[in-house]
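The structure appears below as structure tokens.
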Amino acid sequence: QGHLVESGGGSVQAGGSLRLSCAASGNIDSRYCMGWFRQAPGKEREWVAGFTYGGTQTYTDSVKGRFAISEDNAKNTLYLQMNSLKPEDAAMYYCAAGPCGRAWDSWGQGTQVTVTS
């Protein structure tokens, strides 16, 4: 239903930081929920962080205190600031959007995050 273009992935040392960006265009309703998922090889895709129903910021327990989301409405962009990265954070990170409480209809292409010791 829309286009989500991600950027900011890369390889960092443990303890380092990355900032992921997700630029939205094409039929992405401003009222939609938006968030980040990740999937490591051999593991299930999991929720990371995002704006969910009612505009609430939600984070999975493993990233609380280290990751932070924000948005720039003028640029139609969602950000994920990742600090104190750990090797277990390494994964393909996906941006997603959809009607709150209904579905995640639009997905980005994924951006790879690698964390080295």
Side-chain angles (χ1 to χ4, degrees):
Q1 295 183 350
H3 300 284
L4 301 174
V5 180
E6 301 165 332
S7 61
S11 180
V12 298
Q13 295 182 357
S17 299
L18 282 174
R19 188 193 192 200
L20 306 185
S21 299
C22 174
S25 64
N27 303 120
I28 300 296
D29 195 312
S30 62
R31 297 169 296 177
Y32 279 10
C33 288
M34 294 188 67
W36 296 89
F37 294 78
R38 68 186 180 188
Q39 187 170 26
K43 300 183 67 176
E44 299 289 334
R45 181 180 296 178
E46 67 170 337
W47 171 261
V48 179
F51 293 97
T52 56
Y53 190 81
T56 302
Q57 292 189 21
T58 62
Y59 299 85
T60 192
D61 287 343
S62 64
V63 308
K64 288 180 179 177
R66 299 188 297 119
F67 291 11
I69 55 170
S70 61
E71 61 181 345
D72 185 336
N73 290 328
K75 298 180 179 179
N76 298 313
T77 301
L78 176 71
Y79 301 98
L80 178 65
Q81 179 67 47
M82 304 185 294
N83 299 320
S84 301
L85 282 161
K86 304 175 180 179
E88 51 262 44
D89 293 318
M92 185 73 74
Y93 282 71
Y94 299 91
C95 179
C100 299
R102 295 287 305 281
W104 298 104
D105 294 330
S106 300
W107 292 81
Q109 78 286 356
T111 184
Q112 182 69 49
V113 172
T114 301
V115 184
T116 60
S117 301

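Leu4 and Leu80 end up in the same hydrophobic cluster when Ile, Leu, Val, Met, Phe, Trp and Tyr side chains are linked at under 4.5 Å. Put simply, Phe67 and Val113 are part of the same group of oily side chains (I, L, V, M, F, W, Y) that touch within less than 4.5 Å, one to the next. Under the 4.5 Å side-chain heavy-atom criterion for Ile, Leu, Val, Met, Phe, Trp and Tyr, Leu85 and Val48 are members of the same hydrophobic cluster. Hydrophobic clustering (side-chain heavy atoms under 4.5 Å, transitive across Ile, Leu, Val, Met, Phe, Trp, Tyr) groups Trp47 together with Met92. Cluster membership check: Tyr79 does not share its hydrophobic cluster with Val12, using side-chain heavy-atom separations under 4.5 Å among Ile, Leu, Val, Met, Phe, Trp and Tyr.
Pairs engaging residues 4-18 under the side chain to side chain donor-acceptor pair (under 3.5 Å) rule: Ser17-Asn83 [sequence neighbours left out]. For residues 89-99, the set of pairs meeting the side chain to side chain donor-acceptor pair (under 3.5 Å) definition, not counting sequence neighbours, comprises Arg38-Asp89, Arg38-Tyr93, Arg66-Asp89.
Between Thr77 atom OG1 and Leu20 atom CG the span is 12.5 Å, to the nearest 0.5 Å. For the atom pair OG of Ser117 and NZ of Lys86, the computed distance is 13.0 Å after rounding to the nearest 0.5 Å. For the atom pair CG (Asn76) and NE2 (His3), the distance works out to 13.5 Å, reported to the nearest 0.5 Å. Remark: Ser21 OG to Gln81 CD distance equals 9.5 Å, nearest 0.5 Å.
For Arg45 and Trp104, the positive end is not near the middle of the six-membered ring at less than 6.0 Å and at most 45° from its axis.
The nearest pair of heavy atoms linking Thr114 to Ala90 is CA-CB, 4.2 Å. In terms of heavy-atom proximity, Ser70 sits nearest to Leu78 at O-CD1, 3.3 Å. Between Gln109 and Val5, the shortest heavy-atom contact is OE1-CA, 4.0 Å. The nearest pair of heavy atoms linking Tyr32 to Ala97 is CD2-C, 4.4 Å. Looking at every heavy atom in both residues, Phe51 comes nearest to Cys33 through O-CB, 3.2 Å.
A donor-acceptor distance shorter than 3.5 angstrom exists from the side chain of Tyr59 to the backbone of Ile69, with no hydrogens or angles considered. Glu44 places no side-chain N or O within 3.5 Å of a backbone atom of Gln39 that could act as its donor or acceptor partner.
With sequence neighbours excluded, the residues satisfying salt bridge (charged side-chain N to carboxylate O under 4.0 Å, His left out) with Arg31 are Asp29.
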